[in-house]
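Worksheet: the structure to be examined is printed underneath.
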Amino acid sequence: MKPRAFGILVLAVTLVAALVPFLDRHAELPIWQHHLLHAGLLAGGALGGIFVTARARGSQGGSAFWLVPALLAPMVAMFAMWPSAYNYFELHPSGHVLEHLLLIALAYITTASAENYAAGLGWIVGGAMVFMAVAAARGFGVSFGNGG
Amino acid sequence: MKIMWTYIVAGLTIFGLMLLVGIGLRASQAGWIPIDTGTFYSLLSLHGVGMITAMAIAGLGLLWYLVDREIHLDERVAMLAFAFFAIGVVVVIVSVVFGHYGALWTMLYPLPFVGTTWPSWATGAWLLGVAAVMLGFMLICAQILGAILRSSGGLGSALGLDYVFGRKAFEAAGKHPPSPQMLAATVVSIDGLIGGASGLLVGIAMIAHWLDPHVVIDPLWAKNLTYQFGHTFANLTMYMAVAGIYVALPICTKRAYHSSIPLVVAWWGTLVFVIIAYFHHLYMDFVQWPAVQYIGEISSYLAAVPVVVVTVFGGLMLIHRSGMKWTLGSMFFFAGMVGWIVGGSAAILDATIPFNVDLHNTLWVPAHFHTYLLEGVFLFILGWVFVSLEQRAEAASNALVRWIVGLGIFGGGALFLISFYVAGAAGVPRRYAVEPAPGPFWAGIATVGALLILVGVLAALVEGIRLARMRAVGSAV
Amino acid sequence: MGDGLLVLKIFLVVAAIAIAAMLFVALYGAKKPLPQSVVNDAGYRIRKLWLGLVLVVAAIAFALTVPFFPYPWARASVGARHVRVTAAQYAFVMPSVLPVDVPLVFDVTSQDVNHGFGIYAPDGTLFAQVQAMPDYINHLPIEFHVKGHYVVRCLEFCGIGHAYMHGGFDVR
């Protein structure tokens, strides 16, 4: 399979997964599980961005200004994972699906922009973004404590 | 060159201003000048974030220039990053001067929101200002890393994997391993992006909490991320400046410095240990997962190996019996290596868990990082500046100037630092506006030392301007 | 525990040796330069030994320190008496008298921000410490063998009153 086709396949699967709130509207997940699932959507969007924009290693690539969206999009994605909004999204599946689509789009922008500048950079910037989303599960919007 | 000098001059200017703030803080702890507690912590916040930003900006300017020499980088992106730095610095200053923010730069959640004596906007401004600095830092890291990936054809060859695991075939193909300064740039930019991601995550969580207090944050999680970011960012300022050693010391000693397998492997070690050594900041968090306490001590020890076995050892091998002339530039590089080793020794003692019980959050901590930053990173930056100026002007400073600068920066520095160490070993806590005995006595000694440093820095400034103007006059003729 | 001065002495010795060694390498024979290849041949041989020495010293240091880890999971404290400590801006709530020669575990937490619970022995040395965190309870196992007044200071920056946040208890 060519990289671009693989990228489109990953994106398609991720987009289908993004629609889950329509099916299972009463699922009330704890925030940390929610973060992890969203990290999965980000990973899908990020992989899509990498493979769809795949270019030969060592090729010249585009302007370094592609880095601006590549760095800003993950920040916006973290804000889009705003934990206190999850209660609202549990009740409004269409809003929730929109949020999912936004996350996938931001992840795509992140890695596609980075790859546009330099082949391989998408893996690093995208990896950092997914790391942030996974790490968020441990404390962004939740406090575990040790209960004594 | 333009980018390098813009960054270095901006960094050294901030350094100079923060030096004055620092002197004021120590004089206040000595009881020599009256600074009220709220102002003390505002100034301490400014001093901390300002110094680390100053070193990072100057170090990035140096690193950017060295990478640009080998593979072209877009100047406009460096200027955009500089704009982020400038905005961040201005916003932080507004937060402190007009908002009286005073929760320091490595504030641990929920500190900047609870029991504050300043308005809420000042906390928000501080968070956004630091985020802007981080963004500028990450932009430069990503620019450098991307350019390295483009020119080397992938991360593996940028890190010298193919060179280490197949040297014969690699050399038979006529290929060369990445230069030492490019290895430094690769490691700094990767670790910078990782540390930056940690910092942005906890920063965004705090901004979210600032806007919507319903967003709770796990305090242990926030502490891990804050130190992962803070330790990495502070530690990397050294590795940016170290790139200068690889280029400038061969100039001073008229010898060559090439990449070798030990050097490449040493940088792999640095790549890993810089991002996991931060666990030593959480030794006194007994709820932290036990395994990482062991990892913290081991990785802190191992982080020293590349330094003492490869970089500084190699630097000394360059100097040894090379007939190197002692100019200000070469002096700064040598003294910087000494400061790095001395500060590193203090850090390793503190990273030893049973000793950390006695030193954690005492003045020992600022003792070691002032050694590392002031007598390490700062001297490498100055060394780079003076080697450049001496080369351009084809002149060096006379012995009197070297003695004044040396006695001020190294002699005054020793006095300044020893007072931190002694008070820290006696258990005097750090970040106390008013210290218990014997803190105030040693704060007085430190103030004298810091004033001597100021004299040395001013002498270096005058001498630097003199050397810079020699070139200007010469080229006009 | 209470080893601040020992650490200072170790540090001063290590720093003096390091400075002397580096000055020696830089200054010895400086008037009689050698070709780089000669210095490199000797340097690389020394470096192998030096690497071995550094790794051995690091391994020994690690092994020596592990038995002295202060953590509750690293030392037996079964049957110890638990002492609750609650920190808040800017005071510690805790008993004012504690028994000598009895195994204790301090259960340390915070009501607001991060604080540090630092215990200073009657002779003024920093004796033990643990962080006081909101949402978490840190367990600090300890046994006092010296009677007297112990001062407690906050050892994590906690706001404008940080330097004034102290308490204490008597061990009898």
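Chain identifiers are assigned alphabetically (A, B, ...) following the order of the sequence lines, protein sequences preceding nucleic acid strands; residue numbering begins at 1 within each chain.
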Query raised in the report: Between B/Pro290, B/Ala433, B/Ala103, B/Gly427, which has the largest tally of heavy atom pairs under 4.5 Å with chain C?
Result: B/Pro290

Query - Most contacts with chain C, counted as non-hydrogen pairs under 4.5 angstrom, among B/Thr116, B/Val308, B/Ile348, B/Ile341 - result: B/Val308

Requested in this report: Determine, step by step, whether C/Thr65 and B/Ile353 satisfy the side-chain contact (heavy atoms from CB on, under 4.5 Å) criterion, reporting the C-alpha distance in whole Å, the side-chain angles of both residues, the deciding distance to 0.1 Å, and the verdict.
Outcome: CA-CA 7 Å; C/Thr65 58; B/Ile353 294 173; over 6 Å; no

Requested in this report: Determine the minimum heavy-atom distance between B/Tyr283 and C/Tyr71, stating which atoms define it.
Outcome: O-OH, 2.9 Å

Query raised in the report: For B/Tyr294, is it the side chain, the backbone, both or neither that has a heavy atom under 4.5 Å from a heavy atom of chain C?
Result: both

Query raised in the report: Can you find a pair of side-chain heavy atoms, one from B/Val305 and one from C/Leu51, that are under 4.5 Å apart?
Result: yes

Query raised in the report: Within residues 12-40 of chain C, which positions have a heavy-atom distance to chain B below 4.5 Å?
Result: C/Leu12, C/Val14, C/Ala15, C/Ala18, C/Ile19, C/Met22, C/Leu23, C/Val25, C/Ala26, C/Leu27, C/Tyr28, C/Gly29, C/Ala30, C/Lys32, C/Pro33, C/Leu34, C/Pro35, C/Gln36, C/Val39, C/Asn40

Query raised in the report: Going through the checks in order, is the ring-ring contact (aromatic ring centres under 6.0 Å, His included) test met by C/Phe11 and B/Trp364?
Result: CA-CA 11 Å; C/Phe11 167 67; B/Trp364 190 275; 5.4 Å; yes

Requested in this report: Go through the atoms of B/Val312 and report whether side chain, backbone, both or neither lie under 4.5 Å from a heavy atom of chain C.
Outcome: side chain

Query raised in the report: Hey, does C/Ile10 have a side-chain heavy atom less than 4.5 Å from the side chain of B/Phe355?
Result: yes

Query raised in the report: Of the listed residues (B/His320, B/His360, B/Arg255, B/Met284), which shares the most heavy-atom pairs with chain C below a 4.5 Å separation?
Result: B/Arg255

**Report entry** Pair B/Tyr432 and C/His162, ring centroids less than 6.0 Å apart
**Finding:** yes

Requested in this report: For the pair C/Asp112 (side chain) and B/Gly115 (backbone), establish whether a donor and an acceptor sit closer than 3.5 Å, ignoring hydrogens and angles.
Outcome: no

Query raised in the report: Looking at side-chain heavy atoms only, is the closest gap between C/Leu140 and B/Phe286 below 4.5 Å?
Result: yes

Query raised in the report: Between C/Asn114 and B/Leu111, is any pair of side-chain heavy atoms under 4.5 Å apart?
Result: no

Report task. Name the region of B/Lys254, side chain, backbone, both or neither, that has any atom closer than 4.5 Å to a heavy atom of chain C. Result -> neither

Query raised in the report: Checking heavy atoms, do the side chain of C/Ala132, its backbone, both or neither come under 4.5 Å from chain B?
Result: neither

Requested in this report: Against chain C, label B/Ala346 side chain, backbone, both or neither, depending on which of its atoms sit under 4.5 Å from a heavy atom there.
Outcome: both

Query raised in the report: For the candidates B/Thr352, B/Leu220, B/Leu318, which exhibits the highest count of non-hydrogen atom pairs separated by less than 4.5 Å from chain C?
Result: B/Leu220

**Report entry** Within-4.5 Å side-chain heavy-atom neighbours: B/Pro429 and C/Phe157
**Finding:** no

Report summary line: Value for SG (C/Cys158) from CE (B/Met107), rounded to nearest 0.5 Å, stands at 15.5 Å

Report task. Considering only heavy atoms, give the residues of residues 89-110 of chain C separated from chain B by less than 4.5 Å, sorted numerically, with 'none' for an empty result. Result -> C/Gln89, C/Tyr90

Requested in this report: May I have the step-by-step check of side-chain contact (heavy atoms from CB on, under 4.5 Å) for C/Ile160 and B/Phe40, ending in yes or no?
Outcome: CA-CA 9 Å; C/Ile160 194 167; B/Phe40 182 90; over 6 Å; no

Report summary line: Cut-off 4.5 Å, heavy atoms of chain C, and the answer for B/Leu302 is side chain

Requested in this report: Against chain C, label B/Tyr301 side chain, backbone, both or neither, depending on which of its atoms sit under 4.5 Å from a heavy atom there.
Outcome: side chain

Query raised in the report: Looking at B/Pro436, B/Gly102, B/Ala437, B/Gly424, which one has more heavy-atom pairs under 4.5 Å with chain C than the rest?
Result: B/Pro436

**Report entry** Residue pair C/Ala61 / B/Glu297: nearest heavy atoms and the distance that separates them
**Finding:** O-OE2, 4.5 Å

Report summary line: So, the part of B/Ala256 with a heavy atom under 4.5 Å from chain C: the answer is both

Query - Residues in side chain to side chain donor-acceptor pair (under 3.5 Å) contact with B/Asp218, at least two apart in sequence or another chain - result: A/Arg138, C/Tyr136

Report summary line: chain C shares the most heavy-atom pairs under 4.5 Å, among B/Thr362, B/Val114, B/Ile319, with B/Val114

Requested in this report: Can you tell which part of B/Met324 gets under 4.5 Å to a heavy atom of chain C, answering side chain, backbone, both or neither?
Outcome: neither

Query raised in the report: In residues 164-172 of chain C, which residues are in contact with chain B at a heavy-atom separation under 4.5 Å?
Result: C/Tyr164, C/Met165

Query raised in the report: Can you name the one residue among C/Ile137, C/Val130, C/Asn138, C/Asp135 that meets side chain to side chain contact (heavy atoms under 4.5 Å, CB included) with B/Val287?
Result: C/Asn138

Requested in this report: Step by step, work out the side-chain contact (heavy atoms from CB on, under 4.5 Å) result for C/Val7 and B/Leu359.
Outcome: CA-CA 9 Å; C/Val7 183; B/Leu359 303 173; 3.8 Å; yes

Report task. With the side chain counted from C-beta on, respond yes when C/Pro134 and B/Pro110 share a heavy-atom pair under 4.5 Å apart, and no when they do not. Result -> yes

Query raised in the report: Looking at side-chain heavy atoms only, is the closest gap between B/Phe313 and C/Ile46 below 4.5 Å?
Result: yes

